[in-house]
Each structure stands twice: as C-alpha cells, then as structure tokens.
Student: 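Below: one structure in structure tokens.
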Amino acid sequence: MTHPAPRLDFIREKVAADHASGRFGRAIMTRFPPEPNGFPHIGHAKSICLNFGIAREFGGTVNLRFDDTNPTTEDIRYVEAIKHDIEWLGFRWDRELYASDYFEQLFEIAVGLVERGKAYVDSETEAEIREHRGTVTTPGTPSRHRDRSVAENLDLLERMKRGEFPDGAHVLRAKIDLAHPNMIMRDPVLYRIRHAHHYRRGDAWCLYPLYDFAHGLSDAIEGITHSLCTLEFKDNREIYDWLVREAGFAAPPEQTEFARLELDFTVVSKRKLLRLVNDGHVAGWDDPRMPTLSGIRRRGVTAEAVRAFAEGVGVARSPARTEWAAWEHAVRDDLNMRVPRVLCVVNPLKVVLTNYPAGQVEQLEAPYYPHDVPKTGSRLVPFSGELYIDRDDFMEDPPKKFFRLAPGREVRLRYGYFITCDEVIKNGSGEVVELRCRYDPATRGGNAPDGRKVQGTIHWVSAAHALDCELRLYDRLFTVADPDSLPDGQDFLSVLNPNSLEVVPGAKVEPSVGNDPAGSRYQFERVGYFVSDPLDSRPNVLVFNRTVGLRDSWQKEKTRSS
RNA sequence: UGGCCCCUCGUCCAACGGCAGGACAUCAGACUUUGGAUCUGAGAAUGGUGGUUCGAAUCCACCGGGGCCAACCA
C-alpha cells in the first residue's frame with residue numbers, strides 16, 4: 001500500500017534535500033524565535049506549525065528561543081503567554097532558550113570583530129548616524145569615528161560594557177560599506193547602550209545587541225540548520241550571512257523567508273494589536289475578537305482548527321491575504337464533527353399552544369448529534385404549552401421563499417410537534433408580542449402519521465424551563481478586508497467595526513446545559529457555534545460567546561432579493 | 001527614485017521545459033426533522049509584449065502591477 005507522496009512546499013523541499021544529502025552533518029534543527037513583547041497571534045501559528053512541523057517530520061529538533069534583546073519593551077508576562085499558547089496549539093519544544101543567555105558569548109564575538117578591524121565604536125548621535133546612512137538612492141558617508149584604532153575601539157567597547165557611558169553615547173557598528181545598495185549593510189549598529197533592567201539578566205548588562213547581531217549568531221551557536229522567517233527579513237539575510245561567516249561558524253544555518261499569514265478583516269502587526277489593547281478598543285489580549293491565539297481560544301476555536309487553517313493556507317513566497325471565508329470554514333469544519341447540538345432562542349417570542357393540556361409537561365428525547373456526525377448521545381428536553389421561538393422565525397407577511405412560521409402556516413418544532421399559527425397578538429404600538437398556535441398531538445417527535453410534510457423546522461425552548469443567558473455575538477473586528485492599506489495614511493482605527501460585539505442579555509437556552517463547565521462548546525441549532533465564556537460564565541450566570549455563525553443560505557437569499 | 005523579492009481561477013496553494021490541478025468561495029441540482037452537514041455537477045486563471053525551444057505558467061529581456069529596506073525595533 002503506497003500513499004501518494006505529500007506535496008511539499010518549497011521550504012520542506014529544501015529541508016528534505018538537505019536532510020537527504022547530509023549537508024549540515026547534523027540532524028535538522030529549527031527554532032521558533034519570538035520576541036516576548038506581545039501575545040502570539042494567528043500569524044505566529046503559521047510559523048509555529050512550520051518550524052515544529054518540520055522538526056517532527058524530519059526527525060529533528062526544535063528550539064524555543066526568546067529573542068529578548070530589547071529590555072525596554074519585553075516582559076516575562078509575554079514569555080509565559082507564548083509558552084502557554086504553543087503548548088495549547090499542541091507542540092512541545094526540545095529546548096527552551098534565551099538569546100540573553102548568549103550575551104557573554106556574543107560579546108566575545110564582537111570583540112573579535114573589533115580586533116580584526118571589522119567593527120568600530122561610533123560616537124555620533126542617533127540623528128547623525130541616520131543622516132549619514134544616506135537614502136535608498138544616495139550613498140551614505142563615513143562617520144568621523146570610522147577609522148579609530150583597534151586599541152581605542154577595544155578600550156571604548158570595554159568601558160561601554162562596564163557602564164561608564166550614558167545611553168546613546170556610543171554604539172558598536174560593523175565596518176562594511178556606507179555605499180552598499182542594501183541599506184542593512186551600511187555599517188549596521190550591533191550594540192547599543194541601555195541602562196535598563198532585563199527581566200532575565202537583571203542589571204548584569206547595560207550593553208544590548210540588536211536583532212541583526214543577536215539573531216543569526218544565536219542560530220549558529222545553537223546549531224540551527226534551517227532558520228525560517230518572514231519575507232520582511234529578506235534584506236537582513238545578507239548581514240546574517242556576513243556575521244556567521246566572520247564569526248567562523250562551520251556549516252552555518254541557512255535563512256529562508258516565506259510570506260507571513262495575513263487574514264482579511266484583521267491585523268497581525270504586534271504594534272497595532274498592542275494599540276487595540278492599550279487604547280481599550282478591545283477588552284484585552286484575549287478579547288475574542290482579537291486574532292491572538294488567546295483571543296481565538298476564548299472565542300471557542302480549537303487548536304486543531306487553527307492548525308488545519310495554518311496548514312491549509314500553505315507556505316509560499318508571494319505576499320498574500322487569506323479570505324475570511326477560509327478561516328470560518330476551518331472553524332466550522334472542526335466544530336461540526338465535535339460539538340453537541342442544543343436549542344437556544346436568541347430573541348424570544350412567546351408562543352402559546354391553545355390546545356395543549358393546561359399544566360402538562362413532556363420530556364422529549366433529542367439526540368445531541370445529527371445523523372451524519374458519528375457520535376451518539378441524547379438528552380431530555382422539556383416541552384409545555386408555553387414556548388419561546390426566535391423572532392426571526394416568524395413573519396406576519398412572509399416573502400415567497402420564507403419557510404418558517406407565519407399566520408396560517410405550519411412548521412415543525414425541532415424534535416417536537418408540528419404547530420400552526422392561528423393568531424398574532426400585538427401590543428399598543430403594533431409590535432408582535434405573542435403567537436397563538438395549535439399543535440398536532442399526532443406529530444410528536446416531528447413526523448406526521450398522515451405523511452404530510454412541512455417546509456420548515458424551527459428551534460424553541462419551553463418558557464417555564466428555559467435558562468436565561470447572555471449571548472456575546474462577535475463579528476469581524478474591522479469593516480474593510482485590508483485595514484493595513486488604507487487611502488492616504490488613514491488610521492486603521494477608523495475602520496474598526498462598531499458592531500464587532502453585540503451583547504444579547506435576554507436569550508433563552510434549554511436547561512440541559514445549566515451545569516456544564518465553563519468553556520463547553522455547542523452548536524445552537526440553526527444559530528451558530530458557541531462556547532460558554534471560560535472566564536465569565538457560571539452555573540447561574542450563563543454567558544456564551546459566538547465562535548462562528550452557521551452558513552446561512554436564507555440570509556443569502558434575502559440579500560439577493562433586496 | 002537605488003537594491004532585493006513577488007505576480008497561475010474571486011481567494012490561497014500546486015504543476016520544477018511536455019494534458020494547468022486542489023482547497024475555499026460562487027452557481028445549479030440531490031438529500032435533509034438544522035435554510036446546517038453531506039453528495040453530484042458547473043463556471044472560473046498563467047499580468048503584457050517580445051525572444052529561446054519541437055514544445056514555455058516554467059528559461060531570457062523589457063514593460064506593467066504589488067511588497068520589503070533609509071529604528072540605537074524585531
């Protein structure tokens with residue numbers, strides 16, 4: 001029995017070739033290198049799946065390395081969140097490492113560079129350095145300190161490390177080429193002085209390496225074989241290669257770039273996500289509208305769905321955004337096979353069954369799963385002469401294709417009886433407040449002995465038995481597909497969706513869910529997938545988050561005809 | 001504007017000089033005690049112009065479009 005060869009993406013092809021040829025002389029080793037300055041989001045999930053997946057597939061290992069080189073923006077809180085989210089996603093790392101643990105080794109490499117005339121201490125101001133770097137069309141000009149002697153550079157570097165100078169007094173720069181067409185190569189800054197407390201190294205250092213210096217060298221120190229990153233680091237590869245070569249690493253890691261994951265109607269820039277949190281546009285990093293893994297999780301999405309989505313999007317080199325529908329499909333596809341169906345009425349409309357025996361209550365057996373989901377189980381749902389149905393399921397003057405309840409129409413109550421609407425009761429302002437209906441006792445369970453059919457089946461709850469609950473109906477956070485590219489510098493906050501959260505305080509859910517633990521997932525039949533809020537939902541204060549609505553061809557029909 | 005990268009159905013990804021395929025989306029139908037799910041079918045693409053070649057989505061050139069780079073961020 002042979003399996004069709006899985007189609008490899010361009011990165012896996014490369015890894016497979018290197019693995020087969022033994023190019024590195026060591027096992028495949030990848031790494032996931034987050035900076036602990038924010039919560040991981042759906043874009044990180046793609047990178048995590050790639051790096052951890054490749055290590056697993058090729059019998060290699062994967063390092064979780066925090067690129068913690070900027071103490072002023074980083075926090076231990078974020079490293080905990082990152083670790084938690086990776087585990088939640090279903091991956092585990094072989095080694096937990098920190099770039100800050102390499103500070104001593106990195107510094108020795110810097111000293112070596114200085115000794116060989118490949119780096120120098122620059123004492124120009126930040127503004128001067130920027131100005132002297134030139135522009136993309138004009139070459140830069142050398143700093144007046146560029147030709148300091150090795151001895152002077154060494155002395156200065158050592159004193160920088162000892163803390164003799166204030167922030168910004170000096171930096172260490174690589175000595176490459178101020179006229180280089182790649183701006184990254186115009187004598188990049190390697191170290192800056194920061195008298196700041198590091199959450200890991202305390203006050204041991206006041207000299208911190210920059211990304212370009214720390215990242216590639218950290219990869220090389222660890223023996224990484226394949227260093228995978230996103231497209232915007234393409235230009236940085238040149239300094240990466242320059243540094244590992246200068247540092248003398250044999251069989252150094254190879255950097256390969258791929259397009260990051262971007263999703264319609266959301267943003268994945270940590271800067272923007274931080275702003276949403278800090279400015280209070282969302283309730284926090286784990287707000288269910290956020291594309292963070294913690295937000296997605298609280299929204300009710302499973303790790304399996306996130307992985308399926310990340311894998312489904314693919315790995316390529318062309319910058320791309322994925323449609324929202326692809327995301328919703330991954331979420332529904334997973335939940336469909338996983339969660340029990342229960343009944344919940346969003347906007348209750350009272351229905352009185354005029355011919356139902358007064359005071360009678362029946363317990364109707366209702367399966368948790370439909371015929372096409374291979375799971376079993378059922379519960380009893382109370383039925384009585386006073387019910388609630390959803391307001392959307394009744395129209396006084398229905399259009400032709402409306403299959404639900406209307407005056408004189410008969411519908412099936414899911415798992416219950418056929419009912420026919422006889423009378424519509426309105427209040428003083430003409431608003432429908434109650435329906436008087438007749439039920440057919442012969443249709444118990446939902447089938448008519450005489451074989452007659454009904455067009456529609458609607459959900460319902462027994463008024464006396466239903467539990468009150470709050471529904472949080474989440475929708476996309478932005479009103480436009482690409483909040484990252486707005487006309488003439490318009491701020492992304494201006495396209496926030498004001499209706500991204502609708503709180504429905506008075507919904508009615510069947511009593512069977514009353515004691516389920518917080519975090520339980522359901523499909524509310526004909527409405528959508530919901531999860532009881534892990535933080536706010538309690539037995540007598542039920543709160544449900546809408547993970548995603550059901551596909552709705554009636555909605556489609558309505559918009560088509562209007 | 002200098003350098004680099006990218007461009008295949010509406011969207012995302014394949015096809016690696018030899019029949020342009022899959023997924024999502026869309027449309028039509030079947031089935032249905034969820035207007036859900038499932039099943040069947042359909043429509044839908046190689047940015048443009050030249051060149052190389054028996055043969056080009058694939059190689060080359062130019063044009064067009066998009067992206068990244070001028071933090072002591074990553």
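Per chain, numbering begins at 1; letters A, B, ... match sequence-line order.
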Student: Nearest heavy atom decides the nucleotide; on that basis, is A:Ser123 or A:Gln523 closer to the 5' end of RNA chain B?
Tutor: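 Mapping each residue to its closest nucleotide by heavy atoms, the 5'-most match is A:Gln523.
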
Student: With stacking defined as ring centroids separated by under 5.5 Å and planes differing by under 30°, is A:Tyr211 stacked against B:rA74?
Tutor: no

Student: Short question: side chain of A:Asn63, backbone of A:Arg65 - any donor-acceptor pair under 3.5 Å?
Tutor: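 Checked: no pair found.
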
Student: Please determine which of A:Tyr415, A:Phe383, A:Tyr388 meets the ring-ring contact (aromatic ring centres under 6.0 Å, His included) test together with A:Trp460.
Tutor: A:Phe383

Student: Indicate yes or no for a side-chain donor-acceptor contact from A:Asp68 to the backbone of A:Ser100 under 3.5 Å, with no hydrogens or angles considered.
Tutor: yes

Student: Side-chain N or O of A:Arg130 less than 4.0 angstrom from OP1 or OP2 on B:rA71?
Tutor: yes

Student: Which whole number of Å gives the distance between the P atom of B:rU1 and that of B:rG65?
Tutor: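 One P to the other, the span is 9 Å.
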
Student: Regarding A:Glu362 and A:Tyr417, is there a side-chain donor-to-acceptor distance under 3.5 Å anywhere?
Tutor: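 A pair is found: one side chain offers a donor N or O, the other an acceptor, under 3.5 Å apart.
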
Student: For A:Cys344 versus A:Val527, what's the shortest heavy-atom pair and its separation?
Tutor: O-CG2, 4.1 Å

Student: Under 6.0 Å between the ring centres of A:Phe103 and A:Tyr208?
Tutor: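 Yes, ring centres under 6.0 Å apart.
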
Student: Could you check which of B:rC12, B:rC72, B:rC68 has an atom nearest any side-chain atom of A:Val171?
Tutor: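 Comparing B:rC12, B:rC72, B:rC68 against the side chain of A:Val171, the answer is B:rC72.
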
Student: Pick the C1' atom in B:rG21 and in B:rC68, then give their distance to the nearest Å.
Tutor: 31 Å

Student: Report yes if a side-chain nitrogen or oxygen of A:Arg414 is closer than 4.0 Å to either non-bridging phosphate oxygen (OP1 or OP2) of B:rG36; otherwise report no.
Tutor: no

Student: Strictly below 4.0 Å, heavy-atom distances to any atom of RNA chain B: list the hits from residues 363-376 of chain A, or just say none.
Tutor: A:Pro370, A:His371, A:Asp372

Student: Charged N to carboxylate O under 4.0 angstrom, A:Lys46 versus A:Glu311?
Tutor: no

Student: It should be established whether A:Arg192 places a side-chain nitrogen or oxygen under 4.0 Å from OP1 or OP2 of nucleotide B:rA74.
Tutor: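 Checking A:Arg192 against B:rA74: at least one side-chain N or O falls below 4.0 Å of OP1 or OP2.
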
Student: Can you list, in residue-number order, the parts of residues 30-51 of chain A that come under 4.0 Å of RNA chain B, counting heavy atoms only?
Tutor: A:Glu35

Student: Has A:Arg133 got a side-chain N or O lying under 4.0 Å from the OP1 or OP2 atom of B:rC72?
Tutor: yes

Student: Could you work out the separation of B:rA25 and B:rG17 based on their C1' atoms and round it to a whole Å?
Tutor: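 Between the two C1' atoms, the distance is 33 Å.
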
Student: What residues in residues 63-74 of chain A put a non-hydrogen atom under 4.0 Å from any atom of RNA chain B?
Tutor: A:Asp67, A:Thr69, A:Asn70

Student: Are any protein N/O atoms closer than 3.5 Å to N/O atoms in nucleotides 2-4 of chain B? If there are, list each pair with its distance.
Tutor:
{"residue": "B:rG2", "atom": "N9", "partner": "A:Val136", "partner atom": "O", "Å": "3.2"}
{"residue": "B:rG2", "atom": "N3", "partner": "A:Val136", "partner atom": "O", "Å": "3.1"}
{"residue": "B:rG3", "atom": "N2", "partner": "A:Asp235", "partner atom": "OD2", "Å": "3.0"}
{"residue": "B:rC4", "atom": "O2'", "partner": "A:Lys234", "partner atom": "NZ", "Å": "3.2"}

Student: Dump every N/O contact between nucleotides 57-64 of chain B and the protein below 3.5 Å, one line per pair.
Tutor:
none

Student: Is the charged tip of A:Arg148 near the ring of A:Tyr120: under 6.0 Å from the six-membered ring centre and within 45° of its axis?
Tutor: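 Not satisfied by the 6.0 Å and 45° rule.
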
Student: Between A:Arg237 and A:Asp235 (salt bridge meaning N to carboxylate O under 4.0 Å), is one present in this structure?
Tutor: no

Student: Does the protein touch nucleotides 39-45 of chain B at the base, only the backbone, or not at all? Give it as B, S and - per nucleotide, heavy atoms under 4.0 Å.
Tutor: -------

Student: Do A:Lys375 and A:Tyr368 meet the cation-pi criteria used here (NZ or CZ under 6.0 Å from the six-membered ring centre, within 45° of the axis)?
Tutor: no

Student: Would you mind calling B:rA30 syn or anti? Take O4'-C1'-N9-C4 for purines or O4'-C1'-N1-C2 for pyrimidines, and syn is within 90° of 0.
Tutor: anti

Student: Would you write the dot-bracket representation of RNA chain B, where each base gets (, ), [, ], | or . depending on whether it forms a Watson-Crick or G-U pair under 3.5 Å and with which partner?
Tutor: .((((((..((((....[..)))).(((((.......)))))....(((((..]....))))))))))).....

Student: Could you pull out all residues at least two apart from A:Arg521 that satisfy salt bridge (Lys or Arg N to Asp or Glu O under 4.0 Å)?
Tutor: none

Student: Could you state the interatomic distance from CG (A:Leu353) to CG (A:Asp440), rounded to the nearest 0.5 Å?
Tutor: 11.5 Å

Student: Taking all heavy atoms of A:Val114 and all of A:Leu157, pick out the closest pair and write down the distance.
Tutor: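 It is CG2-CD1, 4.2 Å.
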
Student: Please confirm whether the shortest side-chain N or O distance from A:Arg237 to OP1 or OP2 of B:rC5 is below 4.0 Å.
Tutor: no

Student: Is the terminal nitrogen or CZ of A:Arg159 (NZ for Lys, CZ for Arg) located under 6.0 angstrom from the six-membered ring centre of A:Phe165 and within 45° of that ring's axis?
Tutor: no

Student: Starting at the 5' end of RNA chain B and moving along, which residue's nearest nucleotide shows up first, A:Ser485 or A:Lys270?
Tutor: A:Ser485

Student: When you measure from the side chain of A:Glu510 to the backbone of A:Leu343, do you find a donor-acceptor pair of N or O atoms at a distance under 3.5 Å?
Tutor: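 Side chain of A:Glu510 to backbone of A:Leu343: a pair is present.
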
Student: Write out all pairs satisfying salt bridge (charged side-chain N to carboxylate O under 4.0 Å, His left out) with one or both partners inside residues 173-188 of chain A, taking only residues at least two apart or from two chains.
Tutor: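 Sorted pair list: A:Asp122-A:Arg173, A:Arg146-A:Asp187, A:Asp147-A:Lys175.
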
Student: Taking only N/O atoms, report every protein-nucleotides 14-18 of chain B pair under 3.5 Å with atom names and distance.
Tutor:
{"residue": "B:rA14", "atom": "OP1", "partner": "A:Val315", "partner atom": "O", "Å": "3.3"}
{"residue": "B:rA14", "atom": "O2'", "partner": "A:Arg7", "partner atom": "NE", "Å": "3.0"}
{"residue": "B:rC16", "atom": "N3", "partner": "A:Glu13", "partner atom": "OE1", "Å": "3.4"}
{"residue": "B:rC16", "atom": "N4", "partner": "A:Glu13", "partner atom": "OE1", "Å": "3.1"}
{"residue": "B:rC16", "atom": "N4", "partner": "A:Glu13", "partner atom": "OE2", "Å": "2.1"}

Student: Measure up the A:Phe524 and A:Tyr522 rings against each other and bin them: parallel (under 30°), tilted (30 to 60°), perpendicular (over 60°).
Tutor: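 Ring orientation, 0 to 90° scale: parallel.
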
Student: Choose from B:rC12, B:rG36, B:rC6 the nucleotide whose nearest atom is closest to any side-chain atom of A:Ser553.
Tutor: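 Of all the options, the side chain of A:Ser553 is nearest to B:rG36.
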
Student: Quick one: does A:Asp334's side chain have a donor or acceptor within less than 3.5 Å of a partner on A:Ala330's backbone?
Tutor: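 Absent.
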
Student: Would you say A:Arg526 places a side-chain N or O within less than 4.0 Å of OP1 or OP2 belonging to B:rG35?
Tutor: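 For B:rG35, OP1/OP2 do have a side-chain N/O of A:Arg526 under 4.0 Å.
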
Student: Give every residue pair that meets the salt bridge (charged side-chain N to carboxylate O under 4.0 Å, His left out) criterion with at least one member in residues 321-331 of chain A, sequence neighbours excluded.
Tutor: A:Glu262-A:Arg321, A:Asp264-A:Arg321, A:Arg321-A:Asp482, A:Arg321-A:Asp484, A:Glu328-A:Arg332

Student: Check nucleotides 24-26 of chain B against the protein and report each pair of N or O atoms closer than 3.5 Å, with its distance, or say if there are none.
Tutor:
{"residue": "B:rU26", "atom": "OP1", "partner": "A:Lys556", "partner atom": "NZ", "Å": "3.2"}
{"residue": "B:rU26", "atom": "OP2", "partner": "A:Arg551", "partner atom": "NH2", "Å": "3.2"}

